[in-house]
Amino acid sequence: MKKATILLSGGLDSAVTLYFAKARGFDCSCLIFNYGQRHKKEIESAKKIAHAAGCPYEILKIDLPWKGSSLLDKNINLPRVTKSQSHKVTSKIPSTYVPGRNIIFLSFALSFAESIGAKAIFIGAHAQDYSGYPDCRPEFYKAFSKVIAVGTKAGVEKRGIKIEAPLINKNKAQIIKLGDKLGVPFELTWSCYRGGNVACGKCDSCYYRAKGFKEAGLRDTLETNRGTPLKLIGRVSP
């Protein structure tokens, strides 16, 4: 069976990507990063998802002491949505962008993949207009594929390791529908930037998760701090 390395964050997108890779017939090994993020909730979620999928995982701890992101620095406010806010789609890079994160993650994943003889690296990135992350665009993955071709033994020997980003052109509702079809245990996933025992229901990530489930016509089992299912609390401009 062909092997694959899966970047598993514990979030909805990476969980769908893992189950997508399994459905494609890959023997999946998951790589989970502890990189100093605000909370460890997503790490615990990633472990549960890997266990549910029957896949082994490695947890890699790395330090980014220079921070530069609201996901790393608690002194920087997280993006949030309020009931009175008209949440506009924007291409502005948000404060949750971690400098060079996907370059760093993919570099570790590449080393891991080459060491175990994996043929592919799966990542749950998607290029929705609102995100503004430069390392979630198709151009970035094309460029990184060139790095693999010229900078690894597998690439030079024409054995190759392919970067797979199956969600890259999908919106959140499409991703959720795909996950539902694949049997992804959404109840194990975590999206909230704030961590804690329950989702805050106010940060950008909670907002877009709720929006995705609503547009997909599915009910999310994740609860907010009010003990109710996560739901939309703002508006999205057309």
Side-chain angles (χ1 to χ4, degrees), residues 3-35 37 39-60 71 96 101-102 105-106 108-109 112-113 118 120-128 131 133 136 141 163-199 203-223 229-230:
K3 296 180 180 179
T5 295
I6 315 295
L7 290 172
L8 188 63
S9 69
L12 187 153
D13 302 330
S14 68
V16 173
T17 300
L18 170 59
Y19 275 73
F20 178 86
K22 282 175 58 68
R24 290 268 303 275
F26 282 93
D27 177 12
C28 300
S29 294
C30 303
L31 192 56
I32 303 168
F33 287 94
N34 179 352
Y35 61 100
Q37 56 267 58
H39 59 81
K40 302 299 185 291
K41 178 80 173 185
E42 63 183 20
I43 296 173
E44 293 305 311
S45 291
K47 290 162 61 176
K48 292 176 182 178
I49 294 163
H51 180 74
C55 297
Y57 62 84
E58 297 278 350
I59 299 178
L60 189 60
L71 293 188
T96 51
R101 181 174 60 180
N102 281 352
F105 286 2
L106 283 173
F108 278 110
F112 182 36
I121 298 169
F122 280 83
I123 184 169
H126 61 104
Q128 277 195 334
S131 67
Y133 292 152
C136 285
Y141 295 104
I163 300 291
E164 297 275 6
L167 312 183
I168 196 72
N169 292 315
K170 296 182 183 297
N171 61 36
K172 190 68 77 174
Q174 291 170 330
I175 293 169
I176 290 169
K177 286 181 180 180
L178 175 61
D180 183 59
K181 182 179 179 180
L182 293 171
V184 173
F186 287 126
E187 70 277 5
L188 300 181
T189 63
W190 185 258
S191 300
C192 183
Y193 287 146
R194 297 182 185 278
N197 293 322
V198 290
C203 69
D204 267 12
S205 189
C206 280
Y207 177 85
Y208 286 110
R209 177 179 177 127
K211 178 176 180 289
F213 270 96
K214 181 177 181 180
E215 292 178 350
L218 297 171
R219 181 180 182 276
D220 190 1
T221 57
L222 188 66
E223 293 186 345
L230 194 63

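These values consider heavy atoms only, across backbone and side chains, with no hydrogens, waters or symmetry-generated copies. Residues take their numbers from the sequence shown, with the count starting at 1. The shown structure was predicted, so the numbers you read here are calculated from the model rather than taken from an experiment.
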Step by step, work out the side chain to side chain contact (heavy atoms under 4.5 Å, CB included) result for Asp13 and Lys172. CA-CA 8 Å; Asp13 302 330; Lys172 190 68 77 174; 3.0 Å; yes
Rounded to the nearest 0.5 Å, what separates atom [atom1] in [X] from atom [atom2] in [Y]?
| X | Y | atom1 | atom2 | result |
| --- | --- | --- | --- | --- |
| Thr5 | Glu58 | OG1 | CD | 10.0 Å |
| Ser205 | Arg194 | OG | CZ | 11.5 Å |
| Ser9 | Ile49 | OG | CD1 | 7.5 Å |
| Leu12 | Phe186 | CG | CZ | 5.0 Å |
| Glu164 | Leu7 | CD | CG | 12.5 Å |

Between Ser191 and Cys206 (side chain of the first, backbone of the second, donor and acceptor by atom type, cut-off under 3.5 Å), is there such a pair?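 Absent.
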Are the side chain of Thr17 and the backbone N or O of Phe122 linked by a donor-acceptor pair below 3.5 Å?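 Here the side-chain-to-backbone pair does not exist.
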Minimum heavy-atom distance [X]-[Y], with the two atoms named:
| X | Y | value |
| --- | --- | --- |
| Tyr141 | Ala125 | OH-CB, 3.1 Å |
| Gly179 | Val16 | CA-CG2, 3.8 Å |
| Pro56 | Cys28 | CD-O, 3.4 Å |
| Trp190 | Ser45 | CB-OG, 3.3 Å |

By side chain to side chain contact (heavy atoms under 4.5 Å, CB included), which residues pair with [X], not counting sequence neighbours?
| X | result |
| --- | --- |
| Lys3 | Asp27, Ala118 |
| Lys47 | Ile32, Ile43, Glu44, Tyr57, Ile59 |
| Ala216 | Ala173, Ile176, Lys177, Leu218 |

More than 12 heavy atoms of other residues, nucleotides or ligands under 6.0 Å from NE2 of His51: is that the case?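 No, not enclosed.
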Answer yes or no: are there more than 12 heavy-atom neighbours, outside Lys40 itself, under 6.0 Å from its atom NZ?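 For Lys40, atom NZ is crowded (more than 12 foreign heavy atoms under 6.0 Å).
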Mind telling me whether Phe33 and Phe105 have parallel, tilted or perpendicular rings, with 30° and 60° as the class edges?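 Taking Phe33 first and then Phe105, their aromatic rings lie parallel (interplane angle under 30°).
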Audit row: Cys192, Lys41, side chain to side chain contact (heavy atoms under 4.5 Å, CB included) steps and yes/no: CA-CA 9 Å; Cys192 183; Lys41 178 80 173 185; over 6 Å; no
